[in-house]
Structures are given as structure tokens and as C-alpha cells.
Engineer: 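First, the structure itself, so that you have it in front of you.
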Amino acid sequence: MALRGVEKSYGAVPVLRGVELELDRGEVYAFLGRNGAGKSTTLRVVMGITRPDAGELWLFGERVAPGDTRPRRRIGYVAQEQHFYGWMTPESLGDFVGAFYPTWKRPEYERLLRSLDVPSRKVSTLSGGTRVKLALALALAHDPELLVFDEPTAGLDPVARHEFVEIVRDLATEGRRTLLFSSHLIDEVERISTRVGILEQGQVRYQGELGKLRERSRRLRLPAPDAEQFVELQRQLARLELQVLAQHQAKGELELTLWSVQPAKLAALSELLPAARFELLSLEESFVALVRSGLALTMSAALDAGVVHGMPVVAPA
Amino acid sequence: MIVHQLRLWQKELRQQRWSLLVAALFLALLGLIAWHAYETSGTATTRMTVISETLGVFVPLFALTQAHYSVVREYRQQTQLFVEALPLRRWEFPLAKLSWGLLTQGMLAGGLCLWVTQLADDTPARFLAITCTRTLAFVAVCWSVAFALAMLGRLRWLAGVTLWVGCYLLSKRGVELGRFGPFALLDKLSFPFERESFPVRALLQSGAVTAAALLLGLGLPLLHEGSVTERLARPASAGEKTGFWAVLLAQGALVYLLPREQRREPFSFTGAGVLASEQRNVQVRCEDAAFEPKAREVLAELEQLSSRLTTELHVAEPPALRVTLRHTGGIRVVSGQPGEGLLLELNLQWATPALVAFLAAGHSFNQLSAGRASFEPNRWFSNGFARYWAPTNDRAAIDQYWLDALLVRRRVPFDEQLLSQWERLAELAGEDVATSIALTLVEVVEQRFGREQLLQLARALLVRPTIRNGFDWLVAERADFPAALERATGESWAAFIAAYQLQLDAAAVRLAQPLAALPTLSATLGVEHTEVGSNLVADLSGLAPDSARECLFRHAPLPPYDLAVPSDTVQDASLPWSAGVASFTGRVRGRYQSGQRAFAAIDCPLPGLARYLRLDARRLDIP
């Protein structure tokens with residue numbers, strides 16, 4: 001699956017601005033991003049529900065023409081909210097949905113319902129978690145090659161979310177299907193995905209492995225410098241090509257969140273600032289700092305080349 | 001695509017199966033009611049009226065209901081988002097809903113149509129095709145409009161009411177919506193009877209409305225990838241609700257403030273045989289050139305009437321008068337809104353110019369006063385004044401009416417109460433003779449208070465339009481003639497009636513000779529109980545006629561609460577009085593059940609009298 005230069009606006013509001021994305025078969029890819037970053041729109045473009053203003057969508061090795069619904073038969077989709085017909089039962093819902101998929105397998109669907117513990121009663125009486133499981137059964141019963149999940153666990157309680165993540169992780173480990181999903185829950189992404197894309201304001205800000213995101217960021221704490229020391233600190237950070245994602249000063253201590261951190265740079269900085277303490281950030285802290293900073297980190301290659309522009313270190317008053 | 005449509009129809013069928021069942025039962029109920037109305041009306045001539053009567057109610061109601069269940073609920077519950085994620089093109093889903101509605105409504109309406117046409121006596125294939133085309137086109141236009149309104153989500157009520165108000169205002173501005181497209185398709189006058197011509201114009205207009213509605217209904221869910229419909233389907237905010245109410249109130253005010261009645265130009269006769277007045281808005285058409293001299297007399301009479309309405313009663317724009325004179329038939333009057341004119345169809349074999357003038361004046365008063373003139377306590381003044389004032393009456397003609405009054409007084413004692421109750425008087429004397437009595441009362445008014453006072457009363461009671469509000473109903477309409485007379489002249493009703501009795505006595509002396517020449521006939525009405533039921537019985541006696549006399553036994557079931565007997569419920573049974581027979585008994589057998597109450601009257605013609613004389617009239621309890 002590939003998206004090339006996909007753009008989409010709702011009226012005058014640009015939602016996607018040249019989204020580039022490429023997934024290999026069997027890959028588990030997660031979109032991270034804030035609400036309104038464009039995650040759902042990207043997935044809707046993949047599903048063919050939303051038509052992009054510009055750009056290309058490639059699925060299963062072919063470019064998808066606008067309005068072509070055939071590729072959708074090979075995709076399983078779980079939406080953010082489950083708007084099922086409340087008067088239907090899971091079985092009748094399966095009959096309705098299955099009629100649109102040539103590869104639908106009713107026995108498989110029934111097996112999925114049993115294994116996911118979806119009871120046979122009106123959909124309107126099912127809990128939110130069970131509805132998500134039902135959506136998963138509907139998405140899997142026609143044996144799709146690509147699974148697209150749009151924040152399926154949003155609004156679920158922790159137990160239901162945990163159950164769902166476990167099921168998806170099992171699917172991911174099978175390696176038969178490509179899985180593209182969006183979430184703003186870091187731990188969920190961390191448990192399932194092999195690769196992540198961070199989407200912010202309709203652009204992919206980071207694309208790569210989740211572990212690298214954590215490795216490249218550090219929190220630096222040191223006693224608050226005076227003006228001369230601060231100028232020197234700025235000069236040294238620039239020389240080492242370290243970017244500052246965030247800075248905070250309180251109780252006589254300066255706290256900097258650094259990006260583009262590599263072991264060699266870290267060692268050099270430790271020598272220069274012996275009083276400094278370095279802390280490893282959690283994934284969530286790294287994600288938040290990166291998203292807030294407004295950095296345009298397009299590819300991991302660019303990251304390695306250091307082609308990034310961080311916010312300047314502001315001198316303390 | 002067809003497979004997808006079938007799958008989506010299957011879903012709609014499962015979703016709406018109960019509402020469809022209820023709709024089918026509702027249709028059957030409406031059909032039965034219309035059928036019963038047809039069977040019992042006595043005036044309907046074809047069963048095809050059942051179709052138009054039933055579908056005129058059912059189709060719009062069902063279209064709105066189905067649009068709510070099928071479209072509004074779908075988008076409000078956002079279940080369309082679920083369907084949109086299936087491998088379907090976006091337009092397939094709304095199209096399936098549209099076609100499903102057309103299919104179900106077309107089947108129900110078409111089914112009724114076919115069923116009734118099968119039961120109708122004579123339904124050739126062309127007539128059947130015309131009827132089915134009208135029905136299906138009506139279904140299409142109703143459903144497409146309901147579908148488009150449903151797609152407007154929370155704005156649908158506002159749009160629907162605005163549409164309705166727009167139609168109402170247009171009709172008030174003189175646009176005849178009844179002849180426009182969808183309304184004309186089920187037109188009660190043409191739907192059951194038009195066997196040859198397809199209503200091409202109505203079909204084209206309906207097609208245009210349908211196309212416009214479809215453009216909106218199918219376009220909205222496709223616009224901006226359904227986001228517009230999605231947003232419209234959300235419940236209205238408090239601010240929006242306030243706005244809606246403001247718009248609705250503004251529309252209500254508009255409806256209230258705009259002139260209620262829109263005058264339409266009176267039509268004009270075309271073709272040969274039409275005589276038109278140059279000065280007044282009067283036309284007379286006669287079917288036969290042989291009638292032309294009489295038609296000219298009628299024209300002159302009506303010209304004079306129209307002129308006097310202006311000069312004497314100060315009516316600036318008297319109604320346009322149109323009269324058709326025929327060889328056959330009776331009297332038919334078509335009266336429109338004020339200013340729209342009158343059409344009278346008359347059989348000139350027996351209708352005199354004086355009668356035409358009387359009828360034209362009476363209906364003109366009714367039209368000009370918007371019904372005030374026919375309000376019951378004023379009715380005798382309206383009738384009497386029309387007969388006295390409108391035609392050119394000479395003394396001999398007026399004495400004929402005095403003769404009528406004297407003959408009635410022989411049987412029914414006149415008092416102030418009876419003479420103030422028109423309906424009671426008309427029941428006892430017969431409406432035509434009661435009008436004669438009214439004429440004599442009007443003449444006495446003129447004799448006692450002068451011509452100008454009489455005309456002032458007529459201006460106040462007969463040509464001043466009612467204003468149709470609560471005050472008018474409570475005060476103005478209740479200002480009946482006795483009260484109006486006392487207010488205008490200072491003379492009480494009792495004193496006036498006493499003076500009238502004196503005039504009657506004087507007339508009895510003046511007309512003693514013709515009165516004595518008239519045979520004295522009498523009748524006694526009663527009820528006869530037999531083993532097989534009750535009969536109305538009339539014992540008639542009097543001077544044996546030289547030739548057979550065709551009397552009438554008139555009877556009707558009495559309405560409850562002692563209301564007046566509606567004239568259209570009275571049935572006439574022939575009661576021939578054979579030559580040389582001095583007395584005989586007539587019967588109406590088995591028409592009334594025990595416990596019922598009936599009105600009965602005997603009317604007989606008398607030589608030398610222009611009208612039937614009522615010999616007896618009673619309200620009878622059937623034991």
C-alpha cells in the first residue's frame with residue numbers, strides 16, 4: 001500500500017498536505033497523532049471513502065482509480081465508532097455485510113463471533129467493547145489482505161482495550177496481513193506496531209521505528225546558567241547539531257529536551273557539561289515533545305543526516 | 001450494481017416490514033372508508049373516486065412517514081457511515097433508498113388502483129393506463145419531495161412548512177394550484193372520468209417537480225462526500241431552534257397579514273349565442289337562437305339589477321353575472337369568492353326573468369356579505385328583499401305573494417316568534433311560499449318606514465361583508481333582523497308584526513275574490529304501525545279535481561337536537577290525486593324505524609297559484 005503526495009482539504013481547511021506513506025506486505029504500521037491531525041482522513045482515503053484532492057493511492061500493486069470499489073473488497077475496516085444497525089443481530093449483520101464481499105466466509109465469521117465472545121442478540125444491546133469485537137469479526141470474515149483500523153479502542157474501558165489489543169497483536173504476529181491503524185495511545189502502538197508515522201497538521205512529521213524515536217531524545221538537566229554560560233551552551237549545542245525540542249527553567253535548574261541525540265554527541269556533551277544529568281524520555285514524552293516542537297522530521301534518513309530545525313534556546317531573563 | 005441494490009432493498013424490507021404492514025392496513029382502512037362514502041353518498045357516479053379520495057390522503061402521509069423511517073433515522077443514527085465503508089459507490093445507498101420508496105409506494109398505490117379499476121364497471125385499457133399513469137406520477141412526485149425534505153435533516157420541518165406556506169400564499173394570490181402538476185393528477189373532477197386523454201401538462205409539470213426534488217435529494221448526500229447531509233442530520237442547537245421558531249412565526253404572520261381572499265377575474269362566455277351588456281358586467285348565453293328574445297329580457301333584468309346594486313345599495317363592484325339558458329335541467333348556481341361573480345344555469349322553459357333576477361340577487365347578497373345574508377335570523381329578509389326588490393314587480397305579481405301568505409295563514413297562525421324563525425317557517429309553509437311571506441313582510445317595512453329606510457337595512461344586513469372573527473360571530477352576525485329593525489326604526493318586532501297582521505287582514509279583503517276561487521284542500525299526517533314496520537300516512541281531502549293533480553309526499557329523517565331539516569335530505573314521493581276523488585290516503589312505507597323521528601309534509605299544486613301549497617307539515621315520532 002502506498003500514498004503519494006496525498007492532499008485533502010475540507011473547504012478552505014487543509015487536512016492532508018502531501019502525505020507520503022508506503023507499507024510492505026505483512027507490516028504493522030501505526031499512525032500516531034493528535035486529534036485532528038489527519039489520521040482518520042488518511043485512513044478514509046485508503047478505504048476509498050474520502051476522495052483525495054491530489055496524490056495517488058496504490059493498493060495491492062495497482063493504482064486505485066477514483067470510485068473503484070474493487071480494492072475495498074480486499075480490505076477489512078474497523079471504524080472509530082461502530083454505527084451498526086441496532087435492530088440487527090450479529091448473524092443478520094454478517095449476512096448483510098457478507099453480501100458485498102465475494103470472499104465472505106460465513107463459517108469463519110461464526111467462528112470469529114464465538115472466539116471473540118460476541119453474543120447472539122440485538123446489536124443495540126451489546127456493550128461498546130463487544131461492538132468493537134463484532135466490527136473486528138466483520139472485518140476479518142472475508143479474509144482481507146489489508147486491515148485498516150481507525151482508533152478502534154477510542155472510548156473503550158481499559159479491560160476492553162486490553163482485550164482488543166491482544167487480539168490485534170495475535171493477528172500481527174501471524175504476519176499474513178498488512179495492518180494499518182491509527183491511535184493516539186502510545187502504549188497501544190508500542191505493543192502492536194513495527195513502524196510508526198507521526199502525523200501533525202496533515203503532514204508526516206516522523207516515520208520510522210518506534211524504538212528509535214525514544215533513543216534519539218534525551219532530557220538534559222543542569223544548574224541554571226548565567227548569561228555568558230548560556231551563550232556558551234547555545235554555541236556548544238549548535239556545534240554538536242543537537243536540536244532543542246523544549247526548554248523549561250525552575251527552582252534554579254534548566255531543563256532541555258534534546259533531539260538528534262547520538263551516543264558520540266552524548267559523550268561529548270557530558271564532557272562539556274560535567275554538572276549535567278541526562279535522562280531517557282518515555283515514548284509518550286518523546287512523542288509529545290516532538291509534536292509540540294513543530295519539527296519537520298520527514299524520514300529517518302533526514303534524522304540521521306541531522307536535517308532538522310529545532311526551536312532556538314531562549315536566553316533566560 | 002443491481003445486486004447491490006437488491007441487497008440494500010432486502011435490508012430496507014427487513015427494517016421496515018412492520019411499518020409497511022401498518023401502511024398496507026392503513027391504506028385498506030382508507031380505501032374502505034372511501035368505498036363506504038361512495039356507496040352511501042347517493043351522488044357519486046363512479047367507483048374510481050375511491051382511488052383519488054384514498055390516494056390523496058395516503059400517498060403524501062406514507063411518503064413523509066417512510067422518508068422519516070428510511071432516510072431521517074438512517075442519517076440521524078449515522079448508520080450510513082457503516083454502509084459507506086462497505087465496497088459500494090457512495091450514490092448507490094441513497095439511490096437504493098429512493099428506489100425502495102418508489103417501489104413500495106408504487107406497489108401499494110398501484111395495487112389499490114388496479115383493484116378498484118377491476119371492480120369498476122367499465123374500464124378499458126386506455127382508461128386503466130391513464131389512471132395508473134396518474135397514480136404512479138403522483139407517487140413519484142410525493143416521494144421525491146418527501147425524500148428531498150428528509151435529506152435536509154433538521155431543516156426539513158422548516159423547509160416543509162415554508163413550502164406549504166408558499167403554496168398557500170400562491171393560491172391566495174390567485175394561482176390555481178389545483179390545476180398544477182401533482183395537484184392536478186388526482187383532480188377529483190378529471191381523475192375518475194378522463195378516459196381518453198393523458199394529462200400531459202400535469203405529467204410534465206410533475207416530472208419537473210420530481211426532477212428538481214431528486215436533484216436535491218440525491219445531490220445532498222453526495223455533496224462534500226456526505227458531510228453536508230451528516231451535519232444537517234444532527235439535532236438542532238438551541239440557537240437554531242430559536243431561529244426556526246422565528247421564521248415559522250414570521251411565516252404565520254405573513255399568512256395572517258396578507259389579504260385572505262384573492263379576487264379572480266370572472267370568466268367570460270365565448271362563442272355564439274352570447275349576449276353581453278355594454279354597461280354592466282352581465283352576460284347571458286342561450287343554447288338556442290329561439291330563446292334569444294327571452295334571453296334579452298333576462299339580460300335587461302340583470303342589467304337593471306346590477307345597476308341598482310350600485311345606485312341603491314351602494315355596491316361599488318357588483319358581482320359579474322353569467323347566465324346560461326338551457327332546454328333541460330333545473331337550476332344550478334355556482335358562486336365564487338366575493339368579486340368572482342355568479343354563474344346560473346337555468347331551464348328557460350319555466351324560469352322567468354323575474355325568477356332569474358330573484359336568484360341572482362339572493363346569491364349576490366350572499367356573496368357580497370360572505371354568508372352574512374343567509375345567517376338564519378336574517379334569511380327571510382334576504383329572501384324577501386331579493387324577491388321584492390330585484391325583479392320588476394307589478395301590483396298583480398306582488399298580490400300573488402300576498403295570496404300565498406293568506407293561504408298559509410289559514411292553516412298556520414302567524415305570530416312574532418314564528419315570523420322571526422326562518423327555518424321553522426320554511427318547514428311549515430315550504431321554502432318557496434315562505435319566501436312569498438317574506439316578500440310581504442318586506443313590503444310592509446317599506447310601507448311603514450319608507451324606501452330609504454328599507455334600503456339602509458338592506459345595506460347593513462345584505463351587502464356588508466362579515467369580518468369572520470369572534471366579535472363578528474358573537475355580535476354582528478347575531479344582530480338579526482328583528483333587532484336591526486328596532487334599532488333602525490325604533491319600532492319593536494311585536495308592534496311591527498301586529499301592523500303586519502293588519503296588512504294581512506286588509507289583503508284578505510282586497511284579495512277575497514281570488515282567495516275564494518281557490519279550492520280548500522286539507523291533509524293530516526300521521527304514523528301507521530304495521531307488522532312489517534311503520535308507514536307515514538297522509539289523509540287528503542277537498543274538492544275533487546277535474547283532472548289529476550300531482551301532489552308530493554315530502555319526508556326526511558329529523559336531525560338531532562331539533563335542528564332544521566336540511567333541504568338536500570328531503571325526499572319526494574309522488575302522491576297522485578286522481579280526478580273526481582274527494583279524499584284519499586297516501587303512504588310512505590317502511591322507510592323509518594321505531595324510535596326514529598321524521599319530518600313529513602304534503603305539497604299540492606292549486607289552479608291559479610304559481611307555487612305548490614303545503615297542506616300539512618309535521619315532525620313525527622315513529623312509535
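Note on naming: letters A, B, ... go to the chains in the order of the sequence lines (proteins, then strands), and numbering restarts at 1 for each one. Computation of the quantities below employed the complete heavy-atom set of this structure, encompassing side-chain atoms and omitting hydrogens, waters and symmetry-equivalent molecules.
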Engineer: Go through R90(B) and I49(A) one step at a time and tell me if the side-chain contact (heavy atoms from CB on, under 4.5 Å) criterion holds.
Structural biologist: CA-CA 8 Å; R90(B) 185 178 294 279; I49(A) 301 170; 3.8 Å; yes
Engineer: Is a side-chain N or O of R89(B) found less than 3.5 angstrom from the main chain of T69(A), in a donor-acceptor match?
Structural biologist: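 Judged by distance alone, no pair lies under 3.5 Å.
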Engineer: Can you name the closest pair of heavy atoms from A85(B) and M47(A) and give their distance?
Structural biologist: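 Closest approach of A85(B) to M47(A): O-CE, 3.7 Å.
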Engineer: Under a 4.5 Å heavy-atom cut-off, does chain B meet the side chain of R51(A), its backbone, both or neither?
Structural biologist: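 For R51(A), the contact with chain B is made by backbone and side chain together.
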Engineer: With a 4.5 angstrom heavy-atom cut-off, which part of L6(B) approaches chain A: side chain, backbone, both or neither?
Structural biologist: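 It is neither, since no heavy atom gets under 4.5 Å.
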Engineer: Check whether A79(A) gets within reach of chain B through its side chain, its backbone, both or neither, counting any heavy atom under 4.5 Å.
Structural biologist: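 Contact with chain B is absent: no heavy atom of A79(A) under 4.5 Å.
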Engineer: Does the side chain of R14(B) reach to within under 4.5 Å of the side chain of S92(A), using non-hydrogen atoms?
Structural biologist: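 A side-chain contact exists here, since the closest heavy-atom pair is under 4.5 Å.
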Engineer: Between W87(A) and K11(B), what is the shortest heavy-atom contact and its length?
Structural biologist: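 Taking W87(A) first and K11(B) second, the nearest heavy atoms are CH2-O, 3.8 Å.
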Engineer: With distance as the sole test, does Q77(B) use its side chain to make a donor-acceptor pair with the main-chain N or O of H83(A) at under 3.5 Å?
Structural biologist: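 Side chain of Q77(B) to backbone of H83(A), a donor-acceptor pair under 3.5 Å: no, none is there.
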Engineer: When rounded to the nearest 0.5 angstrom, what distance separates CZ in F82(B) from CE in M88(A)?
Structural biologist: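 Reported value, rounded in 0.5 Å steps: 7.0 Å.
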Engineer: For the CD atom of E74(B) and the OH atom of Y85(A), what is their distance to the nearest 0.5 Å?
Structural biologist: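 Between atom CD of E74(B) and atom OH of Y85(A) there are 3.0 Å.
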Engineer: E225(B) and Y10(A): side-chain donor and acceptor closer than 3.5 Å?
Structural biologist: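 No.
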Engineer: Would you say R7(B)'s side chain and F100(A)'s backbone share a donor-acceptor pair under 3.5 angstrom?
Structural biologist: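 Not confirmed, R7(B) side chain does not pair with F100(A) backbone.
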Engineer: Chain A heavy atoms under 4.5 Å from V83(B): which part of the residue, side chain, backbone, both or neither?
Structural biologist: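 It is the side chain, since no backbone atom gets that close.
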Engineer: Taking H4(B), Q10(B), H224(B) one by one, which has the highest count of heavy-atom pairs under 4.5 Å against chain A?
Structural biologist: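 Of H4(B), Q10(B), H224(B), H4(B) has the most heavy-atom pairs under 4.5 Å with chain A.
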Engineer: Measure distances from L93(A) to the heavy atoms of chain B and classify the residue's part below 4.5 Å as side chain, backbone, both or neither.
Structural biologist: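 For L93(A), the side chain is the part near chain B, not the backbone.
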Engineer: Is there side-chain contact between Y77(A) and L86(B), with at least one heavy-atom pair below 4.5 Å?
Structural biologist: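 Not touching, per the 4.5 Å side-chain cut-off.
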